[in-house]
Engineer: 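Handing you this structure, nothing more for now.
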Amino acid sequence: MSENQLSEALVANPIIPGLHPDPSVCRVGDDYYLVCSSFEYFPGVPVFHSRDLVHWRQIGNALDRPGQLRLTTDTPSSAGIYAPTLRHHDGRFWLIVTNVAKGEGNLLFTATDPAGPWSDPVRLSGIKGIDPDLAWDEDGICLCTTAGVSQVRLDPSTGETLGEPRPLWSGGVDAMAPEAPHLYRIGAYWYLLIAEGGTERGHAVSIARGTSPSGPFEPCPHNPVVTHRGTNRPVQNTGHADLVQAPDGSWWMVLLAVRPRGGTPGWHVLGRETFLAPVEWVDGWPVVGEVPSELPAPAWPLVPQPAEPVRDDFDLTELRPQWISVRDRPVEHCTTKERAGWLTLRARGASLDERDVVFVGRRQQHLTCAVRTRVDPAEGRGGLAVRLDEEHHYEIEASDGEVRLLARMGPLRTVVASRSVPAGPVVLGLRVSPTPARDARTGPDTLTFGVEEPDGTFTELGALDGRYLSTEVAGGFTGRVIGLYAAAGTVHFDWFDYESDYEPHVS
Ligand code: 6LW
């Protein structure tokens, strides 16, 4: 990468904020496509498109039918879909993922259009281990490389493995969790990129090279090529990366990282997000440097994507791809067709504590945001929730002329506050704002819940510390999802507003 491939303008990083970890990217002509992990959420594997590597628009979810994505109540939160690899080969898009659910394992899908439809899965029962990568050697043989790191030859049409898996290269001495392998043919070498150190503060990206895709591999002398461990940078946990070359020959890395906030030890609440970094090649090895919160824009013309509308009026017969549910979304429990212009949810599980809760949400993508919804609880009980998992969620719900603010934090469940409201639809609101530092124990943000009065004024019902809905407290691999739920009977939602102060921008 030479200096003239970067401009003076700055663009915001992360390029895809919110719960979008383990990015995998490929380019076809002038179009880039990117996919991420989706865990217990359905539909799964969000697919994004970009023309400039900076601005991304979600064009679908690869796994949007029950036949492609089986997530039963046996599958805990933070299991399910891990670490896809997306590649374009022989005129088709190839997607390989692990479904960490009983009887599922590694699955392969193909599509001619990445927006879908994607094929039914080819089951890869012979491939053990998470984070599968796909590459084709010079003879057209398909190689699948998994965390560990090991590799096996594969017949992608049948899913049959050809031979036994062979260990490759596992990163630094004593480094934990060698994972996220990706193989690339670049110039005279095959490069094996991996993540190591675990997906927490020790996360890192390392690389090795050899003349064959099956090794042996020689490690880069300046590994890890990316890590923010032991720094006080605002972006942390940098790792799990993929490389892509732009049409002008420059190289770029997409990778996951987090934005911990508050005092010590720091809490990240949006999950692991997708960041971008320019790559320079020196003596045949990639040099990346710091992954900043704002980076110089690539020097080519930027192609902004249309801004997402603040309001979803539920006027479409299908939900937009940003909407995700917990494990499944049967139409008899979730539909926009029953009452025109409204989203209707019919309860199954009695609360967000249950693995079969009826919930439709979107990722919280901004550190500051405001959410409102108009709910008609005449035939049931439900409302607006911020969900980390079954044991960590806050929600404001309406039924029988009353609004209640509830909190579940680990084993504790409490009604924080309640008040009466006039019969009929009610507007529930949530404001998320970073908490000004007071001392080393200050939490990352405050979630203020309330009710909108008929004159539009917001009456607060309670303000809760956001740390309890962070990955550092809840554990696991996900982040916050904000959405609508039904806990009893049938609940109708007229609209949902999500307003942020953050847009990927150019300055
Ligand atoms: C994923 C692994 C990782 O499989 O986290 O950060 C796991 N890296 O590569 C789940 O996202």
Side-chain angles (χ1 to χ4, degrees), residues 14 16 18-25 34-41 44-46 62-63 69 71 75-86 95-101 104-107 124 127-134 144-150 168-172 175-183 192-207 224-229 235-243 253-260 268 270-275 277 291 324 363 388-389 471-472 474-481:
I16 308 182
L19 165 55
H20 294 111
D22 310 325
S24 179
V25 66
L34 186 150
V35 292
C36 298
S37 301
S38 50
F39 306 99
E40 73 268 29
Y41 291 100
V45 188
L63 311 189
L69 177 54
L71 295 169
T75 308
S77 287
S78 276
I81 295 294
Y82 283 17
T85 294
L86 179 67
L95 175 72
I96 186 167
V97 310
T98 314
N99 185 351
V100 183
E104 293 294 312
N106 288 305
L107 305 168
L124 308 173
I127 296 182
K128 308 296 171 206
I130 60 169
D131 298 1
D133 174 68
L134 280 183
C144 180
T145 308
T146 50
V149 171
S150 69
L168 294 187
W169 170 73
S170 298
M176 70 184 269
E179 58 192 13
H182 289 305
L183 267 176
L192 173 61
L193 186 77
I194 68 165
E196 59 182 33
T199 197
E200 301 80 19
R201 297 292 189 270
H203 214 193
V205 180
S206 290
I207 197 163
V225 290
V226 181
T227 189
H228 282 195
R229 64 170 74 123
V235 175
Q236 290 287 321
N237 304 23
T238 48
H240 198 123
D242 199 5
L243 293 171
M253 176 180 277
V254 293
L255 73 168
L256 74 74
V258 304
R259 293 182 281 171
H268 75 275
L270 302 186
R272 297 168 301 158
E273 310 177 270
T274 289
F275 287 72
V291 181
I324 49 175
R363 294 154 173 94
L388 218 300
D389 59 23
T471 306
E472 283 78 3
F477 295 124
T478 63
R480 289 186 192 156
V481 178

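Nothing fancy with the numbering, it's 1 onward along the sequence. Atoms within each ligand, like the ligands themselves, are counted from 1 in listed order. Predicted, not measured: the structure shown is a model, and the values here were computed from it.
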Engineer: Between H203 (side chain only) and N237 (backbone N and O only), is there a donor and an acceptor less than 3.5 Å apart?
Structural biologist: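 Yes.
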
Engineer: With sequence neighbours excluded, tell me which residues meet salt bridge (Lys or Arg N to Asp or Glu O under 4.0 Å) with E40.
Structural biologist: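 Checked E40 against salt bridge (Lys or Arg N to Asp or Glu O under 4.0 Å); matches are R387.
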
Engineer: Determine the sole option in L193, T145, L168 for which the side-chain contact (heavy atoms from CB on, under 4.5 Å) test with P181 is passed.
Structural biologist: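 By the side-chain contact (heavy atoms from CB on, under 4.5 Å) criterion, P181 pairs with just one of L193, T145, L168: T145.
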
Engineer: Run the numbers on D133 and H182 for side-chain hydrogen bond (donor to acceptor under 3.5 Å, both in side chains), then give the verdict.
Structural biologist: CA-CA 6 Å; D133 174 68; H182 289 305; 2.8 Å; yes

Engineer: Pairwise, report which nitrogen or oxygen atoms of ligand 1 are under 3.5 angstrom from protein nitrogen or oxygen atoms, and how far apart they are.
Structural biologist:
| from | atom 1 | to | atom 2 | distance (Å) |
| --- | --- | --- | --- | --- |
| ligand 1 | 4 (O) | D131 | OD1 | 2.5 |
| ligand 1 | 5 (O) | R272 | NH1 | 3.1 |
| ligand 1 | 6 (O) | T199 | OG1 | 2.7 |
| ligand 1 | 6 (O) | R272 | NH1 | 3.1 |
| ligand 1 | 8 (N) | E179 | OE2 | 3.1 |
| ligand 1 | 8 (N) | H240 | ND1 | 3.3 |
| ligand 1 | 9 (O) | D131 | OD1 | 3.4 |
| ligand 1 | 9 (O) | D131 | OD2 | 2.5 |
| ligand 1 | 9 (O) | H240 | ND1 | 2.9 |
| ligand 1 | 11 (O) | D22 | OD2 | 2.5 |
| ligand 1 | 11 (O) | R272 | NH2 | 2.7 |

Engineer: Does the pair T146 and D131 meet the rule for a side-chain hydrogen bond (donor to acceptor under 3.5 Å, both in side chains), with working shown?
Structural biologist: CA-CA 5 Å; T146 50; D131 298 1; over 6 Å; no

Engineer: Hey, are S37 and D22 close enough side-chain-wise for a donor-acceptor pair under 3.5 Å?
Structural biologist: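 Judged by distance alone, the side chains do pair up.
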
